[in-house]
Amino acid sequence: MARMGLNDSKAGMTGLDKQKINRIILEATKGSRFYNNEMRKEKQATERVTRLKAKLTKITQAQRLAALDELKRMENQLETTRDLSRFIVHVDMDAFYAAIEIRDNPSLADKPMAVGGTGMMLTSNYIARRYGVRAAMPGFIGKRLCPDLVFVKPNSAKYAQASKEVRAILAEYDPNFASVSLDEAYMDLTEYLEGRKCTFPSSHVEFTVPQQDLTEDMLKILNEVAPPTVDGVDSYNNCSSNSSIRKVSFGHTIEDVMREIRFKINRKTKLTASAGIGPNKMLAKICSDWKKPNGQFKVEFTRDKIIEFMRQLPTRKISGIGKVSERLLNEIEISNCKELYDKRDLIYLLFSNVSTKFFLAVAMGIGSNEVSSKNYQRKSISCERTFGEISRLADMLVKCQKLCDNLANHMKKENITGRCLTVKLKTVAFEVKQRSVSLKHHTNSTTEMFNIASEVIRSERLACQPERLRLRLMGIKMSTLKRHESDEKSIQDTLTRYFNKYDENCSQSQSTINEASKSFINIEQHKLDEKSKLDKVTCYFSKYDENSSQLQSTMKEASKNCDNMEKVTCPVCDQFYVYKSDETSWLALLNSHIDTCLQQPETMKPSQSHNDSVGSSKGKGVKRRKLQHNRMQPTTGNKTLHNFWQAKDNTHQ
DNA sequence: GCGGATCAC
DNA sequence: GATGGTGATCCGC
């Protein structure tokens, strides 16, 4: 099965026994739920191919000619955007996480190793890659491919630190460089090079390295031979070697400068980087892969050379063309960029306008050279978790609560609110469902997000009846974001720090949350002794039913004294909790309460029976279920949302 | 605007 | 023991 096969498009994967590797992968995965889902996706992709082929047979010669005519116009337009004036560099750290672990534990250097666990590997070293072990592969398959494989637990703080050190070096050359991830970045060196050229050689930097500190990695960088520079000045690689000290310096060409940067990175972090140099990001990215590891490559900056370079390139090497696109293109006998260009009329007739433009630009070697990310603004923010199978509503709501909590914290930190909430659910069969709701106003309130998300979850559970909804992952995403200015933020941060020190660790671990809520309760109970009745109300989950006269009078009293009271209902037992809207610790308290609730005997919770949302529980449960059914209108109630629920309800009838 | 898919890292 | 998390974009309704 093609989907399951080894992805050998990345560096360090050439010349290995692909057949054997694929056989082992297949044996390890066959029959699993994951595998079955991959088969389902495969079938889907095949259907897509079938549709494509059907479309293909209907294409006439006249259509192709007309397409070429239109393509000529597109091509001319694209050609006007070709810009060879900027020096764009893509810097890519080699096997970043693995290299860091080896640096810090040299005994790993000659062993196949991977960072990650039996669940998932983040990356592997080059020895392991020879066995077919690679990033994004589950560890247990890695172990089958290479029984001697050593796992190292990820140490993200260390990776962030190394990344910071690398970035500091990049910033010396382009303060507006853009990082793609911890181990990858783009730079625009045009301005830097101008400056360097003017002052060269008087200002060139000289590095003094003790001979014994010169590693093989460093020597490789120093001994790379750059082609002669355009203006006849020899690339400057002065190595005055007396007995114990070696002095090295680099010239002023882009390639010299890149070697200098890689040299500095290596000297600072003991890690190696590869680099690609081109007139745009697409080309730079392809080039950084060319001489990996610890190497660099520059494509020549002329239109003809660029097109020549692209022609032999397999389509899969282009960022943006993945497994599926590669396959679709293969179906019309396109596997490299020469064919991509030669068959552009078919592309035009088979693919969308956006895709056609993209493919054409790729074939012509044209791409964006905009590096600065100063104006970058995120479009969405999300949080998702995989867990052991759950199917009870109560368990789902607990997960949901934690996700909303986490997400709200992130949003508050970034001072953003969102207007579109998306719930992502992945079943144990790896099927993904996404449901989104447009809100009337922007929010980053945990309560609001939780109320809406939990309603979506209830609805989805109903929708798949009489099947049980069995989940392995849940996620919450907010989009249509709005940024708020930092006035509020700083005040809020200060308040948070002042009053709720223990809250700052809230999202970090469940045990912290429990500790936090415990201390909260202690503090509050202490306060109770001298404070008014109103405060007492905020400290307990109400023991009363919603409609009881006792509660109503309490609420009335509360609203007399204070107009910022809010209410949150426990998803498990349906009791509710009244709190002041400026109070920040209610969530920890709620979490603690939910935990307690879940430890109660089964009969106390909403059951996992298929009827649990329609009020059929026994005894005590009856009243609660009924209550819940009436109560659960989302608090952000608005037209859009209202319509959403109505529509959902209709589909269930 | 929504939901499914694809893609990158 | 048992296939991740975050963000972006596109396509077809």
Side-chain angles (χ1 to χ4, degrees), chain A residues 3-4 7 9-10 25 28-38 40-42 44-45 47-48 51 90 92-93 96-97 115-123 134-144 154 156 159 163 179-185 281-282 285 316-328 351-358 376-389 403 406-407 410 419-426 428-439 456 460 472-481 640 643-644 647-648:
Chain A
R3 274 199 90 81
M4 300 302 307
N7 175 357
S9 63
K10 286 280 154 64
I25 294 178
T29 193
K30 206 164 183 174
S32 67
R33 283 169 173 163
F34 181 82
Y35 174 82
N36 291 338
N37 187 252
E38 289 299 301
R40 185 182 62 82
K41 289 203 271 186
E42 171 87 358
Q44 230 169 231
E47 280 163 16
R48 209 168 145 185
R51 285 199 299 275
H90 181 249
D92 194 343
M93 300 298 294
F96 190 50
Y97 301 166
V115 177
T118 51
M120 189 61 71
M121 295 179 294
L122 297 169
T123 188
R134 47 162 304 134
M137 181 184 269
F140 72 92
I141 290 185
K143 199 78 182 170
R144 289 212 200 179
S156 51
Y159 311 150
S163 183
S179 32
V180 183
S181 60
L182 284 184
D183 70 330
E184 252 182 63
K281 287 188 283 183
M282 176 185 71
K285 166 105 181 146
R316 190 67 168 83
K317 289 274 183 190
I318 283 123
S319 177
I321 299 182
K323 215 164 21 181
V324 175
S325 305
E326 181 190 28
R327 189 176 158 198
L328 286 174
F351 291 85
S352 73
N353 199 265
V354 173
S355 301
T356 304
K357 263 189 194 156
F358 170 69
Y376 171 79
Q377 296 197 322
R378 66 153 82 234
K379 295 184 174 63
S380 71
I381 183 165
S382 66
C383 182
E384 67 184 55
R385 287 289 173 273
T386 295
F387 35 72
E389 171 172 350
L403 290 168
N406 220 308
L407 186 59
H410 281 159
R419 211 172 61 79
C420 179
L421 182 148
T422 304
V423 177
K424 175 174 169 181
L425 304 172
K426 194 193 278 180
V428 290
F430 288 88
E431 282 172 326
V432 174
K433 298 171 200 272
Q434 301 200 66
R435 299 289 174 262
S436 50
V437 181
S438 289
L439 282 50
V456 171
E460 281 311 306
R472 77 183 327 273
L473 171 144
M474 186 185 293
I476 308 287
K477 174 169 81 177
M478 290 294 272
S479 47
T480 323
L481 303 179
T640 319
N643 293 342
F644 173 77
K648 288 283 165 192

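Lettering of chains follows the sequences in order, A, B, ..., and the numbering in each one begins at 1. Note that the structure is predicted; figures quoted are calculated from it, not measured.
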### Task
Tell me which of Pro138(A) and Lys379(A) sits closer to the 5' end of DNA chain C, going by the nucleotide each one is nearest to.
Pro138(A)
### Query
Using a cut-off of less than 4.0 Å, is there contact between a side-chain N or O of Ser436(A) and OP1 or OP2 of dG3(B)?
yes
### Query
If you look at every strand shown and take non-hydrogen atoms under 4.0 Å, does Ile318(A) touch a base, only sugar-phosphate, or nothing?
sugar-phosphate
### Interatomic distance where CZ belongs to Phe387(A) and P belongs to dA2(C) [whole Å]
16 Å
### Task
Using a 4.0 Å heavy-atom cut-off across all strands, classify Leu122(A) as base, sugar-phosphate, or nothing.
nothing
### Task
Taking only the side-chain nitrogens and oxygens of Arg327(A), find out if one of them lies under 4.0 Å from OP1 or OP2 of dT6(B).
no
### Query
Taking atom C1' of dA8(B) as reference, at what distance in whole Å does atom CE of Met282(A) sit?
16 Å
### Task
Determine the contact category for Ala136(A): base if any of its heavy atoms lies under 4.0 Å from a base atom, sugar-phosphate if only primed atoms, P, OP1 or OP2 are that close, otherwise nothing.
base
### Query
Arg51(A) near the nucleic acid: base, sugar-phosphate alone, or nothing, with a heavy-atom cut-off under 4.0 Å?
nothing
### Query
For the side chain of Gln44(A), counting heavy atoms from C-beta on, which of dT3(C), dC10(C), dA5(B) is nearest?
dA5(B)
### Task
Look at the side chain of Ser382(A) and decide which nucleotide, out of dT6(B), dG5(C), dT6(C), has an atom nearest to it.
dT6(C)
### Task
Determine the interplanar angle of the Phe430(A) and Phe34(A) rings, folded into 0 to 90°, and report it as parallel if under 30°, tilted if 30 to 60°, perpendicular if over 60°.
perpendicular
### Message
Roughly how many Å apart are dC7(B) and dG4(C), using the C1' atom of each and rounding to a whole number?
### Response
15 Å
### Task
Under 4.0 Å between any heavy atoms, over every strand shown, what does Arg33(A) touch: base, sugar-phosphate, or nothing? Just pick one.
nothing
### Task
Looking at every strand, decide which applies to Lys477(A) at a 4.0 Å heavy-atom threshold: base, sugar-phosphate, or nothing.
nothing
### Query
With a 4.0 Å cut-off on heavy atoms, is Phe351(A) in touch with a base, just the backbone sugar-phosphate, or nothing at all?
nothing
### Query
Contact class for Ile141(A) (heavy atom, under 4.0 Å): base, sugar-phosphate, or nothing?
base
#### Entry: OP1 or OP2 of dT3(C) under 4.0 Å from side-chain N/O of Ser32(A)
no
#### Entry: Partner set under side chain to side chain donor-acceptor pair (under 3.5 Å) for Ser181(A), not counting sequence neighbours
Asp183(A)
### Query
Are any of the side-chain nitrogens in Lys41(A) or Glu38(A) under 4.0 Å away from the carboxylate oxygens of its partner?
yes
### Message
Reading DNA chain B from 5' onward, which residue's closest nucleotide shows up sooner: His90(A) or Ala45(A)?
### Response
Ala45(A)
### Query
Counting N and O atoms only, with roles assigned by atom type, does the side chain of Arg472(A) sit under 3.5 Å from a partner on the main chain of Thr386(A), one being a donor and the other an acceptor?
no
#### Entry: Presence of Arg48(A) side-chain N/O under 4.0 Å of dA5(B) phosphate oxygens OP1/OP2
no
### Residue mapping more 5' on DNA chain C - nearest nucleotide basis, Ala28(A) or Ile381(A)
Ala28(A)
### Task
Determine: side-chain N/O of Ser438(A) to OP1/OP2 of dC2(B), distance under 4.0 Å, yes or no.
yes
### Message
Using a 4.0 Å heavy-atom cut-off, does Thr29(A) contact any base of the nucleic acid, only the sugar-phosphate backbone, or nothing at all?
### Response
base
### Task
Output yes when at least one side-chain N/O atom of Ser319(A) is less than 4.0 Å from OP1 or OP2 of dC7(B), else no.
no
### Partner residues of Thr422(A) under the side chain to side chain donor-acceptor pair (under 3.5 Å) criterion, sequence neighbours left out
none
